[in-house]
Visitor: 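Handing you this structure, nothing more for now.
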Amino acid sequence: MLHRFLSPGLIADARLMPFVGLVPAALLAAAWFGGQGAIVTLLAGLPIAAYAARAGRWVISPPAPLAEEARDAVSGLHLKSFAERTMDNVLAQTHVTGKTTACIVLGLDDPQSIMERHGQAALDQVIRRTAERIVVTMRQHDVVAKLEGARFAISLGAIRRADLETLIQIAGRLQTAVQEPLSVDAMSIYATCSIGFCLAGRAPEPTGSALLIAAELATDDAWRNGPSAIRAYSAEVASAALYRQSLRDQIEAALDDGQIVAYFQPQLSTDTGNVSGFEALARWKHPDRGVLSPAEFLPAITSTGLATRLGEVMLFQTLNAMRAWDRAGYHVPAVAVNFCKEELRNPKLVEKLCWELDRFELAPERLTIEILETVVAETENDMVVRNIAALAEIGCGIDLDDFGTGHASITSIRRFAVNRIKIDRSFVTRLDSDAGQQRMVTAILSMAEQLGLQTLAEGVETLAEHAMLAQLGCSHVQGFVIARPMPFQDTIGWLEHHRMKLQATTNLGRKIV
């Protein structure tokens, strides 16, 4: 009887199978409770119900395909929101389909370097070619989207199995594809990438947005341990990110509130005993823990991306101190300020420094740029080289810090326009009593003399070390035996005391003569 009311096409429709299976039971109930009239009514309504069900009003249908949207202008990829909605779509059906998804975020490790060395057009080409490689590596129904900067998000299409091992294999394939050399304008560019991913079961919330945020945190963690690292999102990664954010907030507040200040340590000429300069050193006047040394907070500043902000604070306080010394009648020839790699890579660095020096009415010769030997040894960045050369050209001094602890070659020293090397304290300790130390320092001083470089020994802690350095021919000294780093307000008193000490020594010499 049922076939008189339902066409074969309707019965064959997979969406109606649960509905058709209930018809015999409904007929039996109608006959038992309602008699013949009820049966006739039920059978008359079956075609209407069937067609309504087929139209999707009473049956849960698969989600409609996502509408197409705008794409990234450089890579041609989908945007972030599309990837999030794709994952939402899969997650909404997991209880029905048994399938899941995951999010992968891939980021180029050093896009800034590519841009500085080859230009924005070359970086755009690298991003475009990287996007192509990712798309080819992934499955057709996976979605690749462009994030900010040189980052890409991949949302896996519905997949039966997405576990740690599977995602690590996918990440490995992506790295292999992306890190092949790229030919751009007849140049080979080698780009490394860091990858983070998050499994649906480990996301803080079962949403595409939460998956993407978690994958980005994992990528951040990979980048800090890179290059070419792979990390999975976990509670530990999230906890570390929260700690870093809290630390960043604290440090930002400390920079804004003036808690991080410049302390100044004097440098003396071994020939005359006069002050040849100061070095500006950062100190954190923590409201609860007192004055903190750089070793206690500089790593945190570097890891939270605030090194440039710290540099701005230190430069301002240094130039302000020099102007104050001049107005007070104390001659300080120069002050050395440490510049990190991030600052040296700023294309606007020289322009910015010239503006600041002019604002404080100071000659460029009064500012010494101090660079770690590791920066000189490791960098191949043309912008760093160009900036240092330009700073030397306008008259700033260039100090190479911690000399002897890195791997800077003589070629690098000449290439970076260095005019003074700072002998690391590890060579100065026990210099007066250790013959091996004396031979090492003598070799460094001889090399410096042949290259026409001045020398400054740091970490001088005893009068005997001071005397030996002067005897060996080191130009300048700095260390606790002269003075510890001090806040600006203490420098005026120290300068006055040192002036009086020099005058007393001169007068004593005249009496003896």
Side-chain angles (χ1 to χ4, degrees), residues 63 65-66 69 71-72 75-95 97-109 127 130-178 193-226 228-242 245:
L66 293 176
E69 62 174 22
R71 291 178 176 252
D72 177 64
S75 65
L77 295 176
H78 293 288
L79 301 181
K80 171 183 175 181
S81 57
F82 191 86
E84 290 176 341
R85 295 206 313 274
T86 302
M87 290 183 284
D88 284 334
N89 222 18
V90 176
L91 292 170
Q93 295 296 308
T94 297
H95 67 287
T97 64
K99 295 183 178 181
T100 185
T101 184
C103 185
I104 302 170
V105 171
L106 181 151
L108 298 182
D109 287 326
I127 289 174
T130 299
E132 292 170 357
R133 291 179 175 185
I134 295 172
V135 170
V136 170
T137 303
M138 300 308 296
R139 302 170 303 170
Q140 188 174 2
H141 60 289
D142 296 327
V143 171
V144 183
K146 178 70 170 56
L147 303 178
E148 290 184 9
R151 282 193 171 187
F152 308 85
I154 302 127
S155 65
L156 296 187
I159 185 173
R160 183 70 61 184
R161 179 184 177 189
D163 55 17
L164 191 63
E165 183 180 349
T166 303
L167 268 293
I168 290 174
Q169 290 176 356
I170 295 172
R173 289 202 303 270
L174 283 167
Q175 276 191 338
T176 300
V178 169
C193 66
S194 298
I195 296 178
F197 61 85
C198 181
L199 303 170
R202 295 192 179 183
E205 296 177 9
T207 65
S209 175
L211 266 171
L212 180 55
I213 291 171
E216 287 199 271
L217 289 177
T219 306
D220 292 340
D221 191 57
W223 180 79
R224 275 186 292 273
N225 291 276
S228 302
I230 298 172
R231 289 291 185 275
Y233 174 81
S234 64
E236 290 75 17
V237 168
S239 177
L242 284 173
Q245 185 58 50

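For this chain, numbers begin at 1 and follow the sequence in order.
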Visitor: Mind listing the side-chain donor-acceptor pairs of residues 201-218 below 3.5 Å, one per line with the distance, residues two or more places apart or on another chain?
Guide:
unit_1, atom_1, unit_2, atom_2, d
T207, OG1, A210, N, 3.1

Visitor: Say you draw a straight line from OG1 of T100 to CG of L91; how long is it, rounded to the nearest 0.5 Å?
Guide: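 Answer rounded to 0.5 Å: 6.0 Å.
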
Visitor: Decide if atom CD of E148 counts as having more than 12 heavy atoms of other residues, nucleotides or ligands within a radius under 6.0 Å.
Guide: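 No, the 6.0 Å shell around CD holds no more than 12 heavy atoms from other groups.
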
Visitor: Can you see which heavy atom on G107 is nearest to which on T219, and at what distance?
Guide: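 Nearest heavy atoms, G107 then T219: N-CG2, 4.3 Å.
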
Visitor: Kindly compute the distance separating CZ (R151) from NZ (K146), expressed to the nearest 0.5 Å.
Guide: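 Between atom CZ of R151 and atom NZ of K146 there are 11.0 Å.
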
Visitor: Can you name the closest pair of heavy atoms from R231 and A229 and give their distance?
Guide: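 Closest approach of R231 to A229: NH1-CB, 4.1 Å.
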
Visitor: Using the rule given for side-chain contact (heavy atoms from CB on, under 4.5 Å), can you reason through T86 versus T101, listing the C-alpha separation, both sets of side-chain angles and the distance that settles it, and then say yes or no?
Guide: CA-CA 9 Å; T86 302; T101 184; over 6 Å; no

Visitor: Report yes or no: does D72 contribute a side-chain atom to a donor-acceptor pair with the main-chain N or O of A145 at less than 3.5 Å?
Guide: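 No; zero donor-acceptor contacts below 3.5 Å.
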
Visitor: Please determine, by modelled atom types, if D163 and T166 share a side-chain donor-acceptor pair under 3.5 angstrom.
Guide: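 T166 and D163 do have a side-chain donor-acceptor pair below 3.5 Å.
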
Visitor: Give every donor-acceptor pair under 3.5 Å between a side-chain atom in residues 136-143 and any protein atom, sequence neighbours left out.
Guide:
unit_1, atom_1, unit_2, atom_2, d
T137, OG1, R133, O, 2.7
R139, NE, D142, OD1, 3.2
R139, NE, D142, OD2, 3.0
R139, NH1, H141, NE2, 3.4
R139, NH2, D142, OD1, 2.7
R139, NH2, G157, O, 3.1
D142, OD1, G157, N, 2.7
D142, OD2, R139, N, 3.0

Visitor: Is any side-chain heavy atom of Y233 closer than 4.5 Å to a side-chain heavy atom of D221?
Guide: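 Y233 does not reach D221 side chain to side chain.
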
Visitor: Minimum heavy-atom separation for A232 to L164, with atom names?
Guide: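 The answer is CB-CD1, 3.8 Å.
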
Visitor: Measure the spacing between CE of M87 and CD1 of I154 and express it to the nearest 0.5 Å.
Guide: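 So the gap between those two atoms works out to 10.5 Å.
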
Visitor: At their closest point, which heavy atom of R71 faces which heavy atom of G76, and how far apart are they?
Guide: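 Between these two residues, the closest heavy atoms are NH1-O, 3.1 Å.
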
Visitor: Applying salt bridge (Lys or Arg N to Asp or Glu O under 4.0 Å), name anything that partners E84, two or more places apart in sequence or on another chain.
Guide: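 By the salt bridge (Lys or Arg N to Asp or Glu O under 4.0 Å) rule, E84 matches no residue at all.
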
Visitor: Please report the interatomic distance CZ(F197) to CG(L174), rounded to the nearest 0.5 Å.
Guide: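 Going from CZ on F197 over to CG on L174, the span is 11.5 Å.
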
Visitor: So I134 and L77, do their side chains get closer than 4.5 Å, heavy atoms only?
Guide: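 The answer is no, as the side chains (C-beta and beyond) never meet within the 4.5 Å cut-off.
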
Visitor: When rounded to the nearest 0.5 angstrom, what is the spacing between CG in L106 and CD1 in I230?
Guide: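 Reported value, rounded in 0.5 Å steps: 9.5 Å.
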
Visitor: Looking at side-chain heavy atoms only, is the closest gap between R224 and D220 below 4.5 Å?
Guide: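 R224 vs D220: side chains touch.
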
Visitor: Can you confirm whether V90 sits close enough to T97 that some side-chain heavy atom of one is under 4.5 Å from a side-chain heavy atom of the other?
Guide: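 Sidechains of T97 and V90: no contact.
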
Visitor: State whether the side chain of T94 and the backbone N or O of K99 hold a donor-acceptor pair below 3.5 Å, judged by distance alone.
Guide: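 It does hold such a pair.
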
Visitor: Can you name the nearest heavy-atom pair linking I127 to F152, along with the distance?
Guide: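 The answer is O-CZ, 3.7 Å.
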
Visitor: Is there a donor-acceptor contact under 3.5 Å from the side chain of S155 to the main chain of C103?
Guide: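 No.
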
